[in-house]
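Accompanying notes for the structure given below.
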Amino acid sequence: MHLSRFFMPVLRETPKEAEIVSHQLMLRAGMIKQSAAGIYSWLPMGLKVLQKIADIVREEQNRAGAIEVLMPTIQSADLWRESGRYEAYGKEMLRIEDRHEREILFGPTAEEVITAIVRDSIRSYRDLPKNLYNIQWKFRDEVRPRFGVMRGREFLMKDAYSFDLTPEDARRAYNRMFVAYLRTFARLGLQVVPMKADTGPIGGDLSHEFIILAETGESQVFCHKDLIDGAIPRADTDFNGDLSPIFEAWTSKYAATEEMHDAAKFAAEVPQDKQVSARGIEVGHIFYFGTKYSAPMGCKVQGPDGQMITLQMGSYGIGVSRLVGGIIEASHDEAGIIWPASVAPFEVGLVNLKAGDAATDAAVATLEVKLENAGLEVLVDDTDERAGGKFATMDLIGLPYQVIVGPKGVKTGEAEVKCRRTGVRETMPFDQAVDRVVAAIADDKHVD
Ligand code: ATP
Ligand code: MG
């Protein structure tokens, strides 16, 4: 992609309305544009990141055996009356009336929709277990939408729902999602800690929130320090096998959200030098809630002995659009964003320091082809802005590597390679620059 033809409306000034750094940087890097309070358009740079996050979430859901569906954004009020949640949900639900004066709503979550699907299509215990998920826009009329996409009103969520015959099977489904989440967040370049959580309006008795530790987090969290750098399950983990050892290893040490925090237990269980009390950003939340929806909605199947059995359910959310901001909160500096390679909108920024100079243009074109042939996405700055401005823009948008080419280097056949994260710059021959960047990106993306 050539910057002169792309659409990336960067801002030089920090917008006053943005309180936290991720919101400021997303606006400055031309990733989003606010359309109404808590409602955003995703511009190309933002959309690319959003899609890459969604792809990683999808891959790990599939690996764990979940199956993708797509449910509607608009749901019927009658469905919510079946579960008893229509009145209970309160003002966060956007309620709408259609032309026939039927009550509908913009879904804030989809337990009712999926429970009706499974109820009407699964008859026998032989068809279990099932875990169905979708990546779909949700709407919650938050009292205080703020922090850009971190607390929007319209936001993209991955929500999965498990259906099992017994509580033991449901626990296995819970563990599969728990492990899938650890892998998902590691691949997004994040250190995330699963913490004991309150179940809130979703209900149930077993729940974990997955938390990024960051100063701008909206809640206070408490955990054992060792969990911050805990072991990530490998890609070849057998999701049909027993995952409870991984679950136990992660949950044997203290970690709790503010609502579940027990100060006396924390003091007794965690040595003082290992006690972490910090602000946290919730990026995922998983629940086991048994028959809370399946019982009132009549979601049951025929069991092995012919008797009808009400299904055990869990639900599993990831804030896909919140993650865009969350990753920036965890990874930036004074100059701008520092994207982990796995979600970067482009992997390399190729800077032409003298666009219009035939020799420089030719060298840049050759490098572009070589990088792209190696499978990298390249953003070429072919504009006629001054060098200082180009460097500032590249640092702001945070691509993992920059390859800088000017007339001087063209004479000696050399380019400068800059690593955005470390700031280290090194001059080397063109081919070596390509090899260096290709290897570094592969290394950055690697999670066992
Ligand atoms: P919060 O406590 O932050 O309001 P929640 O507990 O209501 O979130 P869940 O129902 O658990 O949220 O939704 C699953 C995930 O969706 C959350 O972990 C979060 O990442 C994301 N999410 C929830 N509300 C929003 C929002 N208003 N904007 C962006 N993402 C959101
Ligand atoms: Mg939650």
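Since the model is a prediction, treat every value here as computed from it, not as a measurement. Because only heavy atoms are used, hydrogens play no part in the values below, and waters and symmetry mates are left out as well, while side chains stay in. Indexing begins at 1, ligand by ligand and atom by atom, following the structure's order. If you read the sequence from its start, that first residue is 1, and numbering goes on from there.
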Give yes or no for whether the N/O distance cutoff of 3.5 Å, strictly under, is met between [X] and ligand 1.
{"X": "Phe287", "answer": "no"}
{"X": "Ser321", "answer": "no"}
{"X": "Arg140", "answer": "yes"}
{"X": "Arg322", "answer": "yes"}

Q. When you measure from atom 15 (C) of ligand 1 to each heavy atom in Ser315, Ser207, Gly319, which option holds the nearest one?
A. Gly319
Q. So between Met157, His285, Glu282, whose heavy atom ends up nearest atom 17 (C) of ligand 1?
A. Glu282
Q.
For residues 149-159, which residue pairs pass the salt bridge (Lys or Arg N to Asp or Glu O under 4.0 Å) check, not counting sequence neighbours?
A. Lys138-Asp159, Asp141-Arg153, Glu142-Arg151, Arg151-Glu218
Is the closest side-chain donor-acceptor distance between [X] and [Y] under 3.5 Å?
{"X": "His446", "Y": "Asp444", "result": "no"}
{"X": "Ser76", "Y": "Asp78", "result": "no"}
{"X": "His208", "Y": "Tyr316", "result": "no"}

Q: Among residues two or more places apart or on two chains, list those pairs meeting side-chain hydrogen bond (donor to acceptor under 3.5 Å, both in side chains) that have a residue in residues 337-350.
A: Glu347-Lys445
Q: Could you tell me which atoms of ligand 1, counted from 1 in the order shown, lie closer than 4.0 angstrom to a heavy atom of Val149?
A: 29 (C)
Q) Of all the atoms in ligand 1, which lie at a distance below 4.0 Å from a heavy atom belonging to Glu142? A) 24 (N), 26 (C), 27 (N)
Q.
At a cut-off of 2.8 Å, what protein N/O/S atoms sit near the Mg ion (ligand 2)?
A. Glu282 OE2, His285 ND1
Q) Any non-hydrogen atom of Met150 lying under 4.0 Å from ligand 1? A) yes
**Q.** Proximity flag Val283 to ligand 1, non-hydrogen atoms under 4.0 Å
**A.** yes
Q) Can you check whether Trp80 and Tyr89 have ring centres sitting under 6.0 Å from each other? A) yes
**Q.** Arg171 NZ/CZ over Phe247 ring centroid, <6.0 Å and within 45° of normal
**A.** yes
Would you be so kind as to tabulate the donor-acceptor pairs closer than 3.5 Å made by side chains of residues 17-26, with sequence neighbours excluded?
residue	atom	partner	partner atom	Å
Ser22	OG	Glu329	OE2	2.6
His23	ND1	Gly148	N	3.4
Gln24	NE2	Ala18	O	3.1

Q.
Closer than 4.0 angstrom, basic N to acidic O: yes or no for Lys225 and Asp273?
A. no
Q: With rounding to the nearest 0.5 Å, note down the distance linking CD in Glu97 to CD in Glu103.
A: 6.5 Å
